[in-house]
Amino acid sequence: MFKNYFRTAWRQLNRNRLFALVNIFGLALGLTAFWLIALFIADELSFDRYHEKADRIYRVVSHGRWQGGGFDITGTSGPLAQAMKDNFPEIEQTVRINAEGGGVIRYKDKKLKEDTILFTDKSFFHIFSHRFLAGDPSGALARPRSIVLTKTVAEKLFTNWENAVGKTIFFENNFPNLVTGVIEDVPRNSHFTFSGLRSFDDNYTTDPGNFMLYTYLLLKPGASSKNLISKLPAFSAKMFPDTTGKVKYNLELQPVTSIHLHSDLSYELGENRSVKFIYIVGAIAILILIIALINYVNITTARSSVRLKEVAIRKIVGSSKRHLIGLFLIESVVTALLASCISILLAIALMPWFNALNGKQLELFHFGTGYTILALSGVSLLLGSIGGLYPALLLSAFRVIPSLRNQMVGKNGQALFRKGLVVFQFAVTVTLIAVSMLVYKQLKYVLHKDLGLNKNQVLTFHIDRLDTRRKIGRLEESLRQNPDIKGVAVAGNPIGNNDIGMLDYSPEINGVVDPRATNLGYGLQVDASFIPTLEIGLLNGRNFVEGSATDSQSVLVNETLVKKAGWKSPVGMQIQVGGPGLKTVIGVVRDFHIYSLQHKIEPMVLLLPGKNEDKDNVYVRIGTDHMKATIAFIESTFKQMDADALFSYHFLDDNFARQYVKEERQGNVLLGFTILAIVIACLGLFALITFTAGQQVKELGIRKVLGASVASLVRLVSFYLLKWICLSLLIAFPVSYIVMNKWLDDFAYRTSVSWWLFVLAGLIALVIAFATISVQAVRAATANPVKALRSE
Amino acid sequence: MDTMLLSLRGIYKWVNTGINRTFLLKDINLDIGEGEFVSVMGPSGSGKSTLLNVIGMLDDFDEGAYHFMGDAVQGLREKQRAALYKQYIGFVFQAYHLIDELTVYENIETPLLYKGIKTPERKAMVADMLDRFNIVGKKDLFPTQLSGGQQQLVGIARALIGGPKLLLADEPTGNLNSKQGEEIMELFQQLNRDGVTIIQVTHSEKNAEYGSRIIHLLDAHVEKK
């Protein structure tokens with residue numbers, strides 16, 4: 001019986017090639033999209049799960065709250081790890097990480113700049129699983145001045161990683177580190193990555209008030225994290241006694257496996273993703289599958305009139321309803337299985353493109369060829385059954401006698417159902433179009449928004465060596481000699497990289513500065529040239545004066561700080577910044593962004609650097625002419641100060657742009673799948689209109705004989721679907737409005753959700769739909785009417 | 001007449017069009033015994049096909065009693081009716097109604113598939129039938145590759161393969177030329193001699209003569225002879 005069903009199914013497909021192709025290709029596209037997205041999501045969910053003890057590893061993060069403010073940071077204080085271990089029997093081991101271990105490495109005559117080197121405790125490899133190629137995990141970081149390298153870095157330095165262990169390499173100031181191990185490169189699905197690990201000095205710790213270390217815990221097997229969490233408030237109260245009576249500290253435990261998708265705190269070690277995006281692409285995967293499935297259901301039910309006779313005959317020769325359902329189900333399952341075969345080819349072809357879009361290195365058969373094929377067949381079987389069920393039930397329920405005469409009973413309800421499905425398809429497609437347009441609009445907005453400073457044509461580089469920083473005045477002087485250099489400034493922080501520290505400040509209120517009334521803001525150490533070089537607006541008062549004796553006690557503040565403090569005339573106000581001692585406000589600058597636009601502008605204090613060693617970031621504004629020569633000039637001038645230094649520079653606008661890579665990728669992925677969805681939906685529309693036009697041949701023929709124009713016939717054929725597509729727009733608009741606003745939530749500064757986004761998305765969908773429809777409609781309308789009528 | 005095969009008593013069938021009721025069948029009383037060969041005649045729209053469909057249980061009736069081999073058809077549910085006609089009745093149509101996607105062999109085989117007959121037995125039965133109708137050479141062709149007469153032969157072979165007691169034929173020669181029609185009628189006669197009860201609807205006096213009894217329908221009721 002099954003053999004018979006398969007044979008019939010195959011002949012059906014073969015006989016109606018156009019519809020079969022549309023069905024199979026549409027489903028194949030849908031399956032491919034689903035497959036690629038499934039890999040993407042699986043990869044996102046796999047983060048940090050490769051650690052053998054992943055289910056027992058937690059990260060401790062700090063929260064602080066006070067009236068009108070607070071902080072939520074990944075950093076913790078140095079003594080915390082030991083204190084927790086002493087206090088909580090649940091904890092088996094702790095490890096601390098300091099991210100500041102990077103710099104220029106020297107080995108013999110080789111120099112290598114590696115920024116992602118971490119300092120850590122020897123317990124690191126007890127908690128985190130990394131495969132050692134050489135060296136001993138338990139002892140590798142036991143002694144100070146040891147370093148474990150990843151394979152890639154080891155090969156860069158020693159050509160062959162096997163030569164690395166036992167060698168001594170040097171950081172700045174000839175600081176030696178003994179290579180004690182080589183590990184495989186850190187898997188890409190880790191929430192933090194590194195190219196090397198250095199051991200802390202003996203008894204290394206930080207001031208309890210300094211939250212700059214990352215702390216991870218390993219719980220004992222079977223220990224309850226809930227239990228531990230319940231004891232944390234009392235513990236933090238004891239650990240951080242609240243002197244001011246205003247700030248409330250708390251600690252939070254984050255399971256290591258949830259960090260990548262759920263943690264969005266300040267100073268994350270790596271770039272995390274929002275679980276929201278996972279939900280969005282997951283929904284897209286399912287929606288695309290549904291769109292493809294709708295094609296199948298639509299085409300099959302539309303064509304049911306053609307198969308009426310067959311159904312009736314089968315019933316007369318003895319087929320039961322069950323047999324008929326079986327027949328149609330097998331047909332759809334065969335379609336789906338063929339689709340899955342094609343989807344393998346499609347997926348192989350699209351994989352490189354998909355990886356380029358999302359910036360990952362996903363492998364198609366990541367879960368093994370066997371499992372993947374099995375899962376694929378499973379999904380297509382399921383699809384086949386779902387897609388085949390409605391047509392099967394519909395067709396098998398027709399009554400014999402009217403069917404034999406090719407009369408459809410209950411045709412209206414069915415046509416309505418079909419139109420409903422088209423409406424759904426197009427509503428989804430239009431939503432996807434509108435949302436992807438918004439993502440790009442926002443990207444354009446953040447890349448071109450006025451930041452309050454001019455980030456274009458500014459080159460910036462970091463001075464690693466303290467010696468060179470001491471001679472910074474000479475460097476600035478030499479640079480200014482070049483006419484193509486419009487300005488040179490130095491600052492204590494790199495802007496646009498989203499990693500500037502915050503500090504406490506207390507403003508003067510009603511004539512007094514209350515040091516206990518602290519606020520949190522950014523502190524930026526800049527020299528007098530910073531404001532003119534970066535073209536920051538000065539609203540009030542004056543800029544620093546280079547070499548002024550008193551200006552070391554002066555500060556500039558930004559508008560936000562003035563507003564927050566409630567100052568009417570800010571110039572001359574007293575403010576306490578960082579440590580004790582009052583400073584005087586000499587000027588107010590226009591708000592400018594030092595962080596990317598996901599972040600709000602916070603109160604900011606600009607200070608002169610205390611000493612030359614703090615002047616480590618150089619900003620050079622260059623002209624648009626002779627850029628190559630100017631950059632070469634800057635490099636050679638810098639090399640004159642420090643022959644050993646590596647000159648690596650960035651453009652300031654690139655620094656900012658890098659902060660939007662995640663959003664850009666989201667936009668690309670979204671756009672890619674939007675195009676897929678449009679293609680699938682149009683395929684379905686094309687087939688549907690081909691069929692309806694075919695059904696209407698006689699009607700069109702009669703109308704033509706009676707004198708109807710081609711245009712009016714095209715209108716007749718296409719209008720009935722276009723009407724429904726317009727309805728789908730009405731559904732798509734509110735839905736996309738909601739989705740857009742949800743996505744924009746991540747940004748402190750947003751583009752507007754303009755009306756034209758909807759109009760344009762609707763127009764795109766209508767034009768594409770109309771183009772698809774009219775090809776067939778014109779063909780049907782221009783056909784020879786005599787031929788059409790003769791067919792009866 | 002030997003054993004009674006079916007009997008119709010006061011069968012009415014109608015459709016309501018607005019306030020009017022149009023009768024398709026009006027007070028039909030009919031007994032048909034096993035082994036009869038009945039021809040149903042009458043002008044277009046007189047209800048011949050409807051009567052045949054009612055007898056074949058493909059169509060409902062609104063009033064009256066229909067007994068088929070002792071079972072009261074009006075009291076049966078759809079499934080039971082289907083089981084009944086599946087076992088005892090074979091259908092032949094004017095337009096042949098073969099399944100275009102299936103070969104000659106497969107068309108004939110289909111009723112056996114639905115009866116759940118095992119492969120070896122099925123093969124033997126289909127081979128027999130192909131032999132008997134002299135169409136072995138055509139078994140792998142599709143219906144559209146056959147002439148009308150050949151298609152009708154396949155249709156009859158399909159109707160007979162399940163071994164029905166009753167063969168219902170709705171203008172079986174309507175689409176055929178006279179020579180082909182004659183062959184089909186002779187085949188029917190042969191089948192009738194072999195014991196198959198036949199009811200055929202026909203327009204042709206000549207074809208009607210092949211039967212042992214002629215029933216005339218006019219305006220939905222049986223004309224008195």
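- Other residues, nucleotides and ligands contribute more than 12 heavy atoms inside 6.0 Å of the OH atom of Tyr85(B).
- Heavy atoms of Thr50(B) lying under 4.5 Å from chain A are absent altogether.
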Between Trp10(A) and Glu101(B), is the side chain to side chain contact (heavy atoms under 4.5 Å, CB included) condition met? List the steps. CA-CA 10 Å; Trp10(A) 176 251; Glu101(B) 279 72 29; over 6 Å; no
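- Of the atoms belonging to Glu109(B), it is side-chain heavy atoms, and not backbone ones, that fall under 4.5 Å from chain A.
- In this structure, the separation between CD1 on Ile316(A) and CZ on Arg158(B) is 8.0 Å, given to the nearest 0.5 Å.
- Atom CD of Gln145(B) is surrounded by more than 12 heavy atoms from other residues, nucleotides or ligands within 6.0 Å.
- Heavy atoms closer than 4.5 Å to chain A are found in the backbone of Leu98(B), but not in its side chain.
- Neither the backbone nor the side chain of Tyr96(B) comes within contact range of chain A; no heavy atoms are under 4.5 Å apart.
- If you run side-chain contact (heavy atoms from CB on, under 4.5 Å) between Ile313(A) and each of Leu102(B), Asn107(B), Thr110(B), Ile99(B), only Ile99(B) comes through.
- Ranked by heavy-atom pairs under 4.5 Å with chain B, the list Lys315(A), Arg314(A), Glu310(A), Gln12(A) is led by Arg314(A).
- With respect to the salt-bridge test (charged N to carboxylate O, under 4.0 angstrom), the residues Arg11(A) and Glu106(B) qualify.
- Other residues, nucleotides and ligands place no more than 12 heavy atoms under 6.0 Å from the NZ atom of Lys165(B).
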